[in-house]
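Remarks on the structure that follows.
No experiment lies behind these values; they were computed from the predicted model shown. Along the sequence shown, residues are numbered consecutively beginning with 1.
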Amino acid sequence: MGYVTKSYFVYAKCHVISKTFSFYYFVVQQSYLECSLLYIIMESHQPEHDKNGLPDTFWKTPQRVPGRPQRGVEVMSGSSYQQFQASVNDAWDLGDDEIISGIAETKISKAISQTAALNVINSHRNSTKNVKTVKTEVEGEKEKKEDAVPVRRSEGRRSGPGGSAGPLRHYPGRPRAVRLSALTSREESSESKLERFQQLHDSAVINLDELKQLSWSGIPVKARANTWRLLAGYLPANTERRTETLERKRADYKHLVRQYYDAERDDDTYRQIHIDIPRMSPLVALFQQHTVQVMFERILYIWAIRHPASGYVQGINDLVTPFFMVFLQEAIPGEELDNYPLDKLEEAQRDVIEADSFWCLSKFLDSIQDNYIFAQLGIQYKVNQLKDLIRRIDLPLHTHLQNHGVDYLQFSFRWMNNLLTREIPLPCTIRLWDTYLAESDGFATFQLYVCAAFLLHWRERLMLERDFQGLMILLQNVPTQNWTDSNISVLVAEAYRLKFAFADAPNHLNAGKSDR
C-alpha cells in the first residue's frame, strides 16, 4: 500500500493548499484521478501480494537491487543514495520520487491527510463507474509496460563505450511467465520476422552479429536453411562469393566420397557406424530407408577419417539428424518429412543435402571436438561443471540426488554427448539449435546452462522420488514427448538467466571447492 499512501499524501497536501491558492485546483483533480486508479490496482492485487509477500514484477522486488551500474560510472561504497540512483538506468521508477520531491519540506497535519484519504476512498466506493472496465484497461497498460521493459534494457546494453556491444548484447532479457498461445502465434505467423531475415540475406555483406541476434529466439522455417549455413560458417557472408563457395565445397565432398568411402575403408570405424545408423530415431520411418542410411554412413565415415584425434564416437550420428532434416525441408517445402520416400528426389538434390549436412556438421563440432577424443574428457569435465553449478543453484536438489546415490555422470553424460537430441523431440531439437548456432561465443559453454535449466525443470518431480530407481527412470526417460517450440523458448530463456547470474560469479565452476 506504499504507493497508494504516497498518492493520498499528495492529494492531501494539494487539498490543504487549494484552500488558500486556487491555482492548485488542477493539481487536486489530477491527484484525485491518480489516487482512484491506484486504489483500484492495489485493491485488486492486495490479496495476492499479501499471500506471496512479493510483488508480481521483477522491477519492484525488495529482495535485491535490480539493474546494473552504467559503464563508466563508479559507485563508491560510501556514496549517497542519490549517487547510486544516478548510476543505474533501469531499476527505479523515477516518477514516484518526482511526485514527492517538491513536498519534502512541507508539514501537513496527520489528521487532515487521513481525512482527505478517507474522502477519496469513500468517493470511489460510491462512484457509478464500471470498475471492471477500468481494471481491465489498467491491467492492459501494465502488461504493455512490462513487455516494453526488456526491450529498453537490451537496447541500453547494446550501446556501450566506444560502440561496443558487450558479451551479453545478443541475448533476450530476463525471462517472464510465457503465455503459450501468444508465443505460438508469434512463432507460427511472424511474417515481419521473416521479412527481416530476408532483408539480411539479400544484403551484399551480411551483418553476422545482427543475424545471430535475430536468430537467438528462433528462425522461421523458410529462412532456416540458409541461416544455418551462414551461422555455421559454411556459407560466406559476402553474397558474391556464395555461389562459387557452395559449388566448390559440394564438389570437394564428392571427391572425399570417392577417395575414402568408395575406396578401401577402415573396417573398425565403418562397422561401428554401420551398427549405429539403424538405431538412429527408430520411430521415424524416414531414417529407416536404405537411401537415407547410406547417406548418413558416408557423412559419418568421412568425418571420422578427417578427424583422427577423435574418430567416430557413438552419439555423433544423432548430431547429423537436425542438419539433414533442415536441408531436406528446404528441398521439399510443405511436404510431410517423416514418411517421405527420398528416392523421389533427384540425385543432384540428394547430393546437395548430403554435402551441406557434412560441412555444417564439421563446422558445428569444431568447438566441441574435445567431447569425442580419447576417454571423452571434455564431456567428463562438463559433467563436473554441471554438478558444481546445480550445487550452487539448488543445494536441496543436489543433496537429494547425492543422498540417493545418483551420480551426475549417469544421466548427464548422454545430455552432453548427444546435445539433448535424445531427450526432446526432433522439431524441438531444431529450434534449440537455432539458439546454439546463434551463440556468439560458441554454444559449448551455453549448453552447460541449458542442461542445468533442463534438470531444474524437473525439480518438483525429482524431489518426490524417494529411491535410486525412481530417480534414474525419470532422468533417463524425461516426459518431453509433447514439448513444442514454446517449451524450448522457456528453456533457453532460463538457461540465459543462469548464465547471466553465474557465469561471471567469483569462484564459479571451480569443481571440488566448497561454498563460502
Side-chain angles (χ1 to χ4, degrees), residues 172 175 178 180 183-184 187-188 215-221 224 228 231 276 279-287 296 314-329 337-338 357 360-361 364-365 368 371 379 382-383 386 389-390 408 410-439 443-462 471-499:
V178 177
L180 298 182
L183 185 58
T184 302
E187 292 175 351
E188 291 180 350
S215 303
W216 204 96
S217 58
I219 304 172
V221 174
R224 179 170 278 143
W228 276 28
L231 294 178
D276 285 349
R279 302 173 181 172
M280 179 182 59
S281 303
L283 300 180
V284 181
L286 175 68
F287 298 118
F296 272 70
Q314 286 181 298
I316 297 181
N317 56 305
D318 292 319
L319 306 185
V320 185
T321 306
F323 291 112
F324 185 86
M325 295 297 287
V326 167
F327 297 136
L328 176 60
Q329 192 170 40
L337 301 182
D338 290 351
S357 298
C360 287
L361 173 71
F364 186 71
L365 294 183
I368 58 170
N371 286 7
I379 292 181
K382 290 182 176 68
V383 169
L386 177 64
L389 179 60
I390 296 299
Y408 284 77
Q410 294 169 329
F411 63 89
S412 62
F413 183 90
R414 189 173 72 181
W415 298 2
M416 303 289 184
N417 189 57
N418 301 95
L419 304 181
L420 294 177
T421 55
R422 294 190 182 180
E423 317 306 321
I424 57 179
L426 182 55
C428 294
T429 298
I430 293 174
R431 164 62 190 91
L432 178 61
W433 282 29
D434 288 344
T435 301
Y436 279 175
L437 288 164
E439 276 291 305
F443 71 93
T445 300
F446 186 70
Q447 204 239 345
L448 170 68
Y449 297 93
V450 172
C451 290
F454 189 69
L455 178 60
L456 293 173
H457 179 82
W458 311 105
R459 182 189 189 280
E460 293 184 4
R461 298 184 62 168
L462 290 170
L471 287 168
M472 289 305 302
I473 289 176
L474 176 59
L475 288 169
Q476 293 184 350
N477 299 277
V478 286
T480 59
Q481 61 273 11
N482 295 322
W483 274 32
T484 63
D485 287 1
S486 301
N487 298 95
I488 301 301
S489 297
V490 175
L491 181 69
V492 296
E494 178 64 15
Y496 165 76
R497 186 185 70 84
L498 296 177
K499 179 181 177 182

[X] and [Y]: which non-hydrogen atoms are nearest, and at how many Å?
X	Y	value
R279	Q314	NH1-NE2, 3.7 Å
A453	A495	CB-N, 3.9 Å
L319	N418	CD2-O, 3.5 Å
C451	L386	C-CD1, 4.1 Å

Quick one: list whatever passes side chain to side chain donor-acceptor pair (under 3.5 Å) with [X], sequence neighbours left out.
X	result
W228	D434
R461	none
Q329	none
T421	none

Distance in Å, [X] [atom1] paired with [Y] [atom2], rounded so as to fall on 0.5 Å steps:
X	Y	atom1	atom2	result
L432	F454	CG	CZ	10.0 Å
Q481	C428	CD	SG	11.0 Å
L462	L474	CG	CG	5.0 Å
I488	S217	CD1	OG	14.0 Å
T429	M325	OG1	CE	10.5 Å
L231	I219	CG	CD1	5.5 Å

Quick check against the 3.5 Å criterion: does [X] have a side-chain atom that pairs as donor or acceptor with the backbone of [Y]?
X	Y	result
T480	E423	yes
Q447	W415	yes
N417	F413	no
R422	G315	no

Q: Might you work through the side-chain contact (heavy atoms from CB on, under 4.5 Å) test for L456 and I390, ending with a clear yes or no?
A: CA-CA 8 Å; L456 293 173; I390 296 299; 4.2 Å; yes
Is there a side-chain contact between [X] and [Y] (heavy atoms, below 4.5 Å)?
X	Y	answer
L419	D318	no
W483	V478	no
L389	Y449	yes
I430	R224	yes
L426	V284	no
I368	M416	no
H457	V490	no
N487	I424	no

Q. Taking atom types as modelled and ignoring hydrogens, do the side chains of N317 and D276 form a donor-acceptor contact shorter than 3.5 angstrom?
A. no
ring-ring contact (aromatic ring centres under 6.0 Å, His included) partners for [X], two or more places apart:
X	result
F446	W216
F364	F323, W433, F443
Y408	H398, F411

(Q) So for atom CD, which belongs to E460, do other residues, nucleotides or ligands contribute more than 12 heavy atoms lying within a distance under 6.0 Å? (A)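 12 or below, so no.
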Going by salt bridge (charged side-chain N to carboxylate O under 4.0 Å, His left out), name the pairs with one or both residues in [range], residues two or more places apart or in two chains.
range	answer
residues 449-459	D394-R459
residues 472-484	none
residues 471-484	none

**Q.** All side-chain contact (heavy atoms from CB on, under 4.5 Å) counterparts of P427, not counting sequence neighbours
**A.**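 For P427, the residues satisfying side-chain contact (heavy atoms from CB on, under 4.5 Å) (neighbours in sequence not counted) are P425.
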